[in-house]
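Position 1 is the first residue of the sequence; numbering continues from there.
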Amino acid sequence: MLCSGSDGLEILMGLYIRQLLAGREFAQSEDFAVQMANFVYLIGDDLKRECMVVDPAWDIASIIAVAENDGMKITGALATHYHPDHVGGNIFGHNIPGLSNLLALRPVKVHVNQLESDGIRQVTGLSESDLEKHRGGDEISIGDIKVKLLHTPGHTPGSQCFLAESALVSGDTLFIGGCGRVDLPGGNSEDLYQSLTQVLGKLPEDTALFPGHNYARKPVSTIGDEKNDNLYMKVGSLQQWSSLMGNSW
């Protein structure tokens, strides 16, 4: 199953992806959610009817309801990084529901990069035992679907993306037409350059891109389209990158 509005992209049969936009498809009463425009994902095995939630935040009951209405059982959570708009917590005076609320309703493990675990525990209040720590390159299974965890530092030290078959959920590392900012605590411009060019840029060009925010005119792209059209994926050297990022932030 492929989410609606995917511009005809083909995903391997058996892979389930549901793209949910905060403020529109859930958390509709939250004005701040509308402003932040986060995407939450359900990803898993359409045949085994198992899925995990990527970056559960804003309205946990509604996210669970979508999964259940699709006949899917939530077996875990995947966190791209520790920022509260993705995992819950306090930001700009707003207390956003997130991982702690999910675990209260569905006691599952949260899969995090090992470098992000402290930040996630700090902003969510989760305990060490709630987390499953990973290194870049680890694989997990959701039913019979293999998901590769790609360590993509830059936006935060432990940012990670999730590659399932020919679909990439990219969090705040790569957007459609943009990339994650590096001027927040833990951000590193050179790390992000390496993540974009040496990790995500090396993926097959027909890899479908599912970003962490709705910042573009379309909700889904491909790695090939981003390499052709996204200024931040077209930079040819670290020197050019440094000049670009210096002017961007």
- Message: Working note: Asp70 + Arg18, criterion side-chain contact (heavy atoms from CB on, under 4.5 Å); need CA distance, chi angles, decisive distance, verdict.
- Response: CA-CA 9 Å; Asp70 283 350; Arg18 175 71 85 132; 2.8 Å; yes
- Item | From CA spacing to verdict: side-chain contact (heavy atoms from CB on, under 4.5 Å), His151, Leu115 | CA-CA 10 Å; His151 182 208; Leu115 298 179; 3.7 Å; yes
- I would like to know whether Tyr16 and Ile145 meet side-chain contact (heavy atoms from CB on, under 4.5 Å); could you show each step before the answer? CA-CA 9 Å; Tyr16 164 90; Ile145 297 295; over 6 Å; no
- Could you give me the CA-CA distance, side-chain angles and deciding distance for Leu174 and Met233, then say whether side-chain contact (heavy atoms from CB on, under 4.5 Å) is met? CA-CA 9 Å; Leu174 176 61; Met233 293 288 283; 3.9 Å; yes
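Nearest heavy atom pair, residue Cys51 against residue Leu42, reads SG-CD2, 4.2 Å. In this structure, Val54 and Val40 approach most closely via the heavy-atom pair O-CG1, 3.4 Å. Nearest heavy-atom pair across Ala27 and Asp59 is N-OD2, 3.4 Å. Of all the heavy atoms in Cys179 and Leu196, the pair that sits closest is CB-CD1, 4.0 Å. For Val220 against Ala208, the heavy-atom pair with the smallest separation is CG1-CB, 4.5 Å. Across Met245 and Gly180, no two heavy atoms sit closer than the pair CE-O, 4.5 Å.
For the atom pair CG of Leu99 and CG of Leu78, the computed distance is 10.0 Å after rounding to the nearest 0.5 Å. Rounding to the nearest 0.5 angstrom, the gap separating the CD1 atom in Ile142 from the CG atom in Asp46 is 12.5 Å. Expressed to the nearest 0.5 Å, how far CH2 of Trp58 lies from CG of Asn38 amounts to 6.0 Å. Going from atom CD1 of Ile17 over to atom CD1 of Ile43 covers 4.5 Å, rounded to the nearest 0.5 Å. Of the inter-residue distances, the one linking Phe162 atom CZ with Phe210 atom CZ reads 14.5 Å to the nearest 0.5 angstrom. If you take CD on Glu205 and CG on Asp225, they are separated by 9.0 Å, rounding to the nearest 0.5 Å.
A donor and an acceptor atom, one from each side chain of Glu226 and Ser221, are located under 3.5 Å apart. No side-chain donor from either of Ser170 and Thr173 sits under 3.5 Å from a side-chain acceptor of the other. Under the 3.5 Å distance criterion, with hydrogens and angles disregarded, no donor-acceptor pair is assigned to the side chains of Glu116 and Tyr82.
Legend: residues meeting ring pair (Phe, Tyr, Trp, His ring centres under 6.0 Å) with Phe175, ordered by chain and number and at least two apart, are His213, Tyr215. With sequence neighbours left out, His111 forms a ring pair (Phe, Tyr, Trp, His ring centres under 6.0 Å) with His134.
Checked by atom type and distance alone, the side chain of Asn188 pairs as donor or acceptor with a backbone atom of Glu190 at under 3.5 Å. Side-chain N or O atoms of Arg49 include none that pairs as donor or acceptor with a backbone N or O of Gly143 at under 3.5 Å. In terms of modelled atom types and a separation under 3.5 Å, the side chain of Lys234 and the main chain of Asp229 share no donor-acceptor contact. In terms of modelled atom types and a separation under 3.5 Å, the side chain of Gln122 and the main chain of Asp118 share no donor-acceptor contact. At distances below 3.5 Å, not a single donor-acceptor pair connects side-chain atoms of Gln160 with backbone N or O atoms of His81. Thr207 contributes a side-chain N or O that, together with a main-chain N or O of Pro204, makes up a donor-acceptor pair within less than 3.5 Å. Although no hydrogens or angles enter the test, the distance criterion places no donor-acceptor pair under 3.5 Å between the side chain of Asp130 and the main chain of Leu126. A donor-acceptor pair under 3.5 Å links the side-chain atoms of Ser117 to the main chain of Gln114, judged by distance alone. A donor-acceptor pair under 3.5 Å is formed between the side chain of Asp55 and the backbone N or O of Thr80.
Ile63 and Leu105 fall within the same hydrophobic cluster, where Ile, Leu, Val, Met, Phe, Trp and Tyr residues are linked whenever their side-chain heavy atoms come under 4.5 Å apart, directly or through other members. A continuous path of hydrophobic side-chain contacts links Leu238 to Leu244 [ILVMFWY only; heavy atoms under 4.5 Å].
Legend: salt bridge (charged side-chain N to carboxylate O under 4.0 Å, His left out) pairs involving residues 102-114, not counting sequence neighbours, sorted by first then second residue: Glu68-Arg106. Sorted by first and then second residue, the salt bridge (charged side-chain N to carboxylate O under 4.0 Å, His left out) pairs involving residues 72-96 (not counting sequence neighbours) form an empty list. Legend: side-chain hydrogen bond (donor to acceptor under 3.5 Å, both in side chains) pairs involving residues 194-203, not counting sequence neighbours: none detected. Within the structure, salt bridge (charged side-chain N to carboxylate O under 4.0 Å, His left out) pairs that include any residue of residues 138-148 comprise Lys48-Asp144 (at least two apart or interchain).
Just one residue in the list Ile120, Ile96, Leu184 forms a side chain to side chain contact (heavy atoms under 4.5 Å, CB included) with His83, and that residue is Leu184. Evaluated for a side chain to side chain contact (heavy atoms under 4.5 Å, CB included) with Met52, the options Val108, Val110, Thr75, Ile74 yield exactly one hit, Thr75.
Residue Gln240 places its CD atom among more than 12 non-hydrogen atoms of other residues, nucleotides or ligands, all under 6.0 Å distant.
Note on ring orientation: taking the six-membered ring where Trp is involved, the planes of Trp241 and Tyr193 are tilted (angle from 30° to 60°).
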